[in-house]
Every structure is written in C-alpha cells, then in structure tokens.
Amino acid sequence: MTNQSETAPLNATDGDGPIQFIDLKAQQARIRNKIDARIKAVLDHGAYINGPELGELEETLCNFTGAADCVGVASGTDSLIIAMLGESLGAGDAVFIPTFTYNATANAVLLTGATPIFVDVTTDTFNMDVADLAMKIERVLEEGRLRPRMIIPVDLFGLPADYPRISKIAKEYNLTIMADAAQSFGGMLGNTRVGALAEISSTSFFPGKGLGAYGDAGALFTTDKAKGEIWRSIRWHGTDAQRKESIRVGFNGRLDSMQAAVLLEKLAIFPEELELRIKHAAQYDARLSGKVKLPSKVEGFQSSNGYYSLTVPNREVVQAALKEASIPSAVYYTQPLHEMEAFKPYAGDTPFTGADTLAEEIMSLPMHPYLTEGQIDRVCDVVLSVS
Ligand SMILES: Cc1ncc(COP(=O)(O)O)c(C=O)c1O
C-alpha cells in the first residue's frame, strides 16, 4: 500500500499474465492515491470549470513540450476545429490532410466549411507523402476553385511527420501547418518535442492515448503566443477576456478541472512511461526486424510509440493466431478516408496507392508501458510463427 505522496513502483511480472492491448488499470493502480487526492481537491474548491488545475496543466504542458503557449480544450477534435477557426478558415479554403488517418481530421476540416484535399501516405513511415502533397497543392492552384490555406500532417501511431520537408513546401506556398499530433504526444524530432514542431499542434487526451484523461480532453500548442489568446476566446464562446461580449464566433470547447487534475498526475509519470514504450518498441524491433516489414527508422525522428504498428501481407492469419493465443491486436485503419461515404465527394481522381496498401496490411500489436519482456516475447513468437 502506498501513501498519498508516493507513486507505486512498477511491478515486474514473469510474462505469463494476460496481455492487454492498452493497460489503463495497471497505470491507475500506480497512481490511484494521487488521482484520488487531486479529485478531492477539485471537489473541495468547487471550481469545476476553469479551476486552478487548468492553468497548472497548461503551464506544465508548455514546459514539457517547449511550446510558447498551450491551451487545454475539450477533445482532440475540438482542438483541430478551434485552431482552424482561429485562422479564419472557411468556405473556399483548401486544407491538405493525409487520407490514412482517423476520421476526426477530415470531419474537423468540413465542420469549419473548408474543403479537405486528400494526400497519399508512404508505406515506409505511414505518414504524409510529401511529393503527393506538392502535386496536390499545384493541382488546386491550377483548378483555381479553392485557395490553398493549411496543411495538417498527422503523426500516425506516434511518429512525427516529415516537418522539415513539409515546412519548405508550406513556406513556398504561404500555407499554415497544423500538426495533428493526437497520437504523438511525447514524440521528438531532433531535440524538439511534438508541440513545438509546427506553428500549431493539436493533440488528444482520449483515455487510450499516450497521455490520456478519464474522459475526453485535448490541447493546442503554438510557437506563436498571440494564437493562444484567440484559442482561449474561441473555446469560451468567442468572448473577450472579461467573458462579456462575443468578439468572434466560438463555442464551448473547454477542458474541465476534473480532467485537468487527472492529466496532471498522469503527466508526472509520463516521461518514465515514454521511456518504457521506447524500450518495448526496441524489443519488438529486435525480434521482428528482417522477418516482417516494420516502418522505416528515420534518423532524428523519435516516435512516441502510441501504437506499435507493422504491415503484414497475411493480416487475417496473424490476427487469428494472436487471438488463438489470447493476445489482442487491432487494425487502424481498414479504410482510407477517401473511400468513406462521408468523404467520397472529396476523393478526387488521383490514386492513393500507399493508403490502399496500408488498409490491406496494417495492424497494431499490444503497446503500453506495463508490458513485460516475457509478454513481448510471447507476442513475437506468435507473429513469427505465421510470418
Ligand atoms: C489522428 C487523430 N486526430 C484526431 C483525433 C480526435 O481526438 P478526440 O477523440 O480527442 O476528439 C484522434 C483521436 O482518436 C486521432 O487519432
């Protein structure tokens, strides 16, 4: 039993226990006392909205990421929408997004009235194909129907997109970059953390994410302090600093004190959890490399290892063998966005060969800080037995 000021130590097990895809229970057991104390503090002060936890969280997130400002919001989807409203995006604007991502990226663009232009992804990194991005921008300009305004690279499974190359293109065409870092909080490029890699970064604290709340939450990061004030207004119905007059259109996109309280305690152990994820990914890599196709390692790019994903031509067989061994696996995503009913009208007429391949072959293995070496070995044994 730990007292309220202690974080329980990691309990190493022998690898025989059941394997979870993501183990939120093991994490909670380590910090339950601290979370209880944080929640009690919110109940005691009663400021359920805009309590002191929100400012504390925003400041701690700024320090961790190196961003100039951070604004807590209600979800990763709201953060995308708030940032786009902040840039006055709307009808007639083109926003370039990868077609192989969660549907929230496209939904957010369409909800602002702008038009998503789908870009293919590479089968090496699973991220935006920069050559296809340049081609799509040129096509939009040639057609002359829409104004290119923003690029939203998605850091799929935790690996930062190719921001150095994407930034060059953004400069050339005068476009804003917003990183959809919903899956990559904690990732790095060189010495720079996700959150400070682009002018705007958006993340999600959905419970299953690397840093997850106990409900919905998200955050925006910026390297330009002026944006933070605009986002604080939009998340509170577009009001002025005194919250009297609406000075722009906004909505209720706030992050509440309870979620901020939970996130503060989870953030305290996040650096250690990140190291464990990196260690587990290295063990997977060492066992599987050369035998199955793993994403390419690019010098300087450090994934947050939100998910451990690989491509296998016989995905159904691999998943069935894992299931037989009581090992969970998942497929993100079985369909690229350009094929989904809601987004087909924006599919255009160019091929998406990278995304189509991934939809057929991608899969994710169990990944969370509380896996043991024995458990990872068991997963690899099964994958290798059918590869
Ligand atoms: C790439 C991506 N973008 C956006 C989101 C939306 O985040 P949320 O579920 O917090 O709204 C997610 C979350 O699942 C995501 O994976």
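Numbering of ligands and ligand atoms starts at 1, following listing order. It should be emphasised that the depicted structure is a prediction, and the values quoted were computed from it without experimental measurement.
- Regarding atom 11 (O) of ligand 1, its nearest protein heavy-atom neighbour is Thr77 OG1, 2.5 Å.
- In terms of protein heavy-atom proximity, atom 15 (C) of ligand 1 is closest to Ala182 CB, 3.4 Å.
- Using cut-offs of 30° and 60° for the angle between ring planes, the Phe157 and Tyr307 rings count as perpendicular.
- Using a 4.0 Å cut-off between charged nitrogen and carboxylate oxygen, Lys297 and Asp285 count as a salt-bridge pair.
- Aromatic ring centroids of Phe185 and Phe270 lie under 6.0 Å apart.
- The heavy atom nearest to atom 9 (O) of ligand 1, considering only Ser204, Ser184, Gly306, is found in Ser204.
- Using 4.0 Å as the threshold, Asp180 has a heavy atom nearer than that to some atom of ligand 1.
- Of the protein's non-hydrogen atoms, the one nearest atom 16 (O) of ligand 1 is Gln183 NE2, 2.9 Å.
- The side-chain contact (heavy atoms from CB on, under 4.5 Å) test with Arg287 is passed by exactly one of Leu384, Val292, Val379: Leu384.
- Between Glu229 and Arg232 there is a salt bridge, since at least one side-chain N of the basic residue sits less than 4.0 Å from a carboxylate O of the acidic one.
- A salt bridge between Asp44 and Lys40 is present, with a side-chain N of the basic residue lying under 4.0 Å from a carboxylate O of the acidic one.
- Considering backbone and side-chain atoms together, Tyr102 places no N or O closer than 3.5 Å to any N or O of ligand 1.
- Annotation: Thr101 places no N or O atom under 3.5 Å from an N or O atom of ligand 1; distance criterion only.
- Checked against a 3.5 angstrom limit, the closest N/O atoms of Phe206 and ligand 1 fall outside it.
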